[in-house]
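Take a look at the structure below.
When a residue number appears, it is its place in the shown sequence, counting from 1.
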Amino acid sequence: MANEAKGFYKLSWLQRIGFGSGDLAQNLIFQVVCMYLLFFYTDIYGLDPVDVSVMFTVGNIANVIWDPIVGALIDKKNPKLGKYRAYLVYVGIPLSGFAILCFYDGFAPSLLYAYVTYIAMTLLYTFINVPYGALNSSLTRDTNEITILTSVRMFMANCGGLAVGSGLPLVIALFATTSGSELPKDPKAWFTTMTIYALVGMALLFFCFSQCKERVVMDAKDSENVKISDLWMEFLSNRPLRIIAFFFITAFAMMSVGNAAGAYFINSNMHGTASELSIFMGLGSIPSFIFMPLVPSIKKAVGKKNMFYIFLTTAIVGMAMLYVIAKMDEPSMTWVYIAQFIKSTGVIVATGYMWALVPEVISYGEYTSGKRIAGIVNALTGIFFKAGMTLGGVVAPAVLAYVAYDKNVIDQTPLAEEGILWLVCVIPAVLLALAMFIISRYELTDEKIDEINKAIEERNK
């Protein structure tokens, strides 16, 4: 109880699951966009891949401007429903609405409609994602508790990833009026499916709101002085923050490129069915159910950095296997599934645990500057997350355009198939190698963070 009085709170399992449901909700909505919106725009809505590439870039540039505004706003304001959790309710409804509209083809192939709905959706997503990220650091200072919270969060996030990657093709096929072995291109089926996913996501955001209690936040009198310029000052003065920011760029670029290319890989390179695409994409999430609950034990056994090294290397091995298997004369889908499982195991643990580092750099910033600007720090990570998504959003359609991918044919040219393989295997592997170098520079150990948090609480007494 003494430790709890100093901010080192222990949470119930209902509170942990409640917090994790927020990421489950966001994945049900935003992972559909990440995994399938490019495919929807090119093969169903009728846009040119280059136009989509430009639109994704414009949207993410807009978010680079928008993120610091959101971060400063949520740190400055103190809504009655909660400093951070209130936005899960306020923004959850319009976010769900615009996500649904992104998959409406009534104005196809209007580029203007696509721009308005896509950019509005991404701006609203920021207004959910930034305060949700800050919510983690407001629940407790306890390092072990944050590790458990992050494990639960990423376990549930990958439940959402599984529901999207594996479940969405099956749900689309259920509602499709046309039959066939490939992923259906029935616009009404896509719209209906997105409506279901978005409404379930909105309900989960409300549940997350109901279970989270903010107890480690900046005093209201201090929050009045928060400015947008604090974001850049924090970035310049907080070296651990800079390191994880660049880690976020490479990690999310890797995921953006790989996820966007999954449907093309199974459809064109493997000539797979909708059910095979469902299995392949589902294997992008299934390892989380095995390994995310083990993260606290793995980290304790091998240490924080070694855990990153082990799983980043595992992901690269899986990508190399995928490339070799796909180049065979008669590639086996069984071996493709095995390689995808190995790759996903590494990606899930490494990119899942990186979120546990965000509360650490928030505490480090509070220790050095006296301000616990969780919103601004999460806005910064959001900027770099969007930078990674921008890179992925540009690379995937640009490569497809360069290799002359033709949506109207099943059998692509050898150059087009090679380009898809680079998106699935080669480019993500290079980015992961870079991520491994970046994380090697991170110096905040668990012991150091515990010392920092204790010093802050003593200073605040």
Side-chain angles (χ1 to χ4, degrees), residues 34-36 38-39 42 49-50 52-53 56-57 165 246-272 276-277 280-281 283-284 287 308-333 335-351 387-406 411-440:
C34 294
M35 291 185 182
Y36 294 106
L38 174 61
F39 184 84
T42 59
V50 174
V52 179
S53 175
F56 285 172
T57 303
F246 289 113
F247 185 84
F248 269 53
I249 286 181
T250 54
F252 278 101
M254 176 275 302
M255 288 188 285
S256 177
V257 171
N259 287 342
Y264 297 99
F265 174 70
I266 295 298
N267 274 7
S268 300
N269 293 58
M270 301 302 299
H271 301 293
E276 286 172 334
L277 173 61
F280 179 81
M281 299 297 272
L283 285 167
F308 276 114
Y309 298 152
I310 290 168
F311 285 97
L312 288 171
T313 301
T314 300
I316 293 172
V317 169
M319 291 170 185
M321 289 177 62
L322 269 178
Y323 185 88
V324 172
I325 294 164
K327 298 291 281 185
M328 293 178 176
D329 291 336
E330 295 183 8
S332 163
M333 282 302 300
W335 279 105
V336 167
Y337 296 151
I338 292 170
Q340 173 73 343
F341 181 86
I342 293 171
K343 181 205 81 172
S344 300
T345 297
V347 169
I348 282 170
V349 175
T351 60
M389 296 292 289
T390 300
L391 180 60
V394 170
V395 168
V399 169
L400 290 176
Y402 177 76
V403 300
Y405 168 80
D406 186 352
D411 295 319
Q412 300 292 327
T413 65
L415 178 62
E417 290 186 359
E418 183 67 22
I420 292 170
L421 270 182
W422 272 69
L423 292 175
V424 173
C425 309
V426 180
I427 295 173
V430 171
L431 290 169
L432 284 180
L434 178 59
M436 202 180 306
F437 169 76
I438 292 169
I439 205 64
S440 71

Self-check item: Shortest non-hydrogen contact between L312 and A435, atoms and distance
Solution: CD1-C, 4.3 Å

Self-check item: Test log, rule side chain to side chain contact (heavy atoms under 4.5 Å, CB included), inputs T345 and F311
Solution: CA-CA 7 Å; T345 297; F311 285 97; 4.1 Å; yes

Exercise. Could you check N269, I325, L283 and say which one makes a side chain to side chain contact (heavy atoms under 4.5 Å, CB included) with V336?
Key: I325

Exercise. May I have the step-by-step check of side chain to side chain contact (heavy atoms under 4.5 Å, CB included) for V349 and I310, ending in yes or no?
Key: CA-CA 10 Å; V349 175; I310 290 168; over 6 Å; no

Quiz item: When rounded to the nearest 0.5 angstrom, what is the spacing between CH2 in W422 and CD1 in I427?
Solution: 7.0 Å

Quiz prompt | From CA spacing to verdict: side chain to side chain contact (heavy atoms under 4.5 Å, CB included), M436, F308 | solution = CA-CA 7 Å; M436 202 180 306; F308 276 114; over 6 Å; no

Quiz item: Any idea which heavy atoms bring S268 and Y405 closest together, and the distance?
Solution: OG-CE1, 3.7 Å

Practice problem: Measure the OH-CD distance between Y337 and E276 for me, rounded to the nearest 0.5 Å. | Solution: 4.5 Å

Quiz item: How close do P49 and P397 get, heavy atom to heavy atom, and via which atoms?
Solution: O-CB, 3.2 Å

Quiz item: CD/E417 to CZ/F265 distance, rounded to the nearest 0.5 angstrom?
Solution: 10.0 Å

Quiz prompt | Heavy-atom side-chain proximity of L423 to V395 below 4.5 angstrom | solution = yes

Quiz item: What's the spacing between I438 CD1 and L432 CG if we round to 0.5 Å?
Solution: 10.5 Å

Exercise. Quick one: closest heavy-atom pair of I316 and A433, and the distance?
Key: CD1-N, 3.9 Å

Practice problem: Determine whether L277 and M270 make a side-chain contact, defined as any pair of heavy atoms from C-beta on separated by less than 4.5 Å. | Solution: no

Self-check item: F341 side, atom CZ; I348 side, atom CD1 - distance, nearest 0.5 Å
Solution: 8.5 Å

Exercise. To the nearest 0.5 angstrom, please state how far the CZ atom of F247 sits from the CD1 atom of I439.
Key: 4.5 Å

Quiz item: Going by the angle between their ring planes, with limits at 30° and 60°, are F39 and Y264 parallel, tilted or perpendicular?
Solution: perpendicular

Exercise. For residues S344 and P287, report the shortest heavy-atom separation together with the two atoms involved.
Key: CB-CG, 3.9 Å

Practice problem: Verify, without hydrogens or angle tests, whether S440 (side chain) and F437 (backbone) share a donor-acceptor contact under 3.5 angstrom. | Solution: yes

Exercise. Indicate yes or no: at least one non-hydrogen side-chain atom of I420 is less than 4.5 angstrom from one of V403.
Key: no

Quiz item: If every non-hydrogen atom of T351 is compared with every non-hydrogen atom of A251, which pair is closest and at what distance?
Solution: CG2-CB, 4.1 Å

Exercise. Give the intermediate values and the outcome of side chain to side chain contact (heavy atoms under 4.5 Å, CB included) for residues M35 and M281.
Key: CA-CA 9 Å; M35 291 185 182; M281 299 297 272; 3.9 Å; yes

Quiz prompt | Candidate pair K327 and E418, rule salt bridge (charged side-chain N to carboxylate O under 4.0 Å, His left out), full reasoning | solution = CA-CA 9 Å; K327 298 291 281 185; E418 183 67 22; 2.8 Å; yes

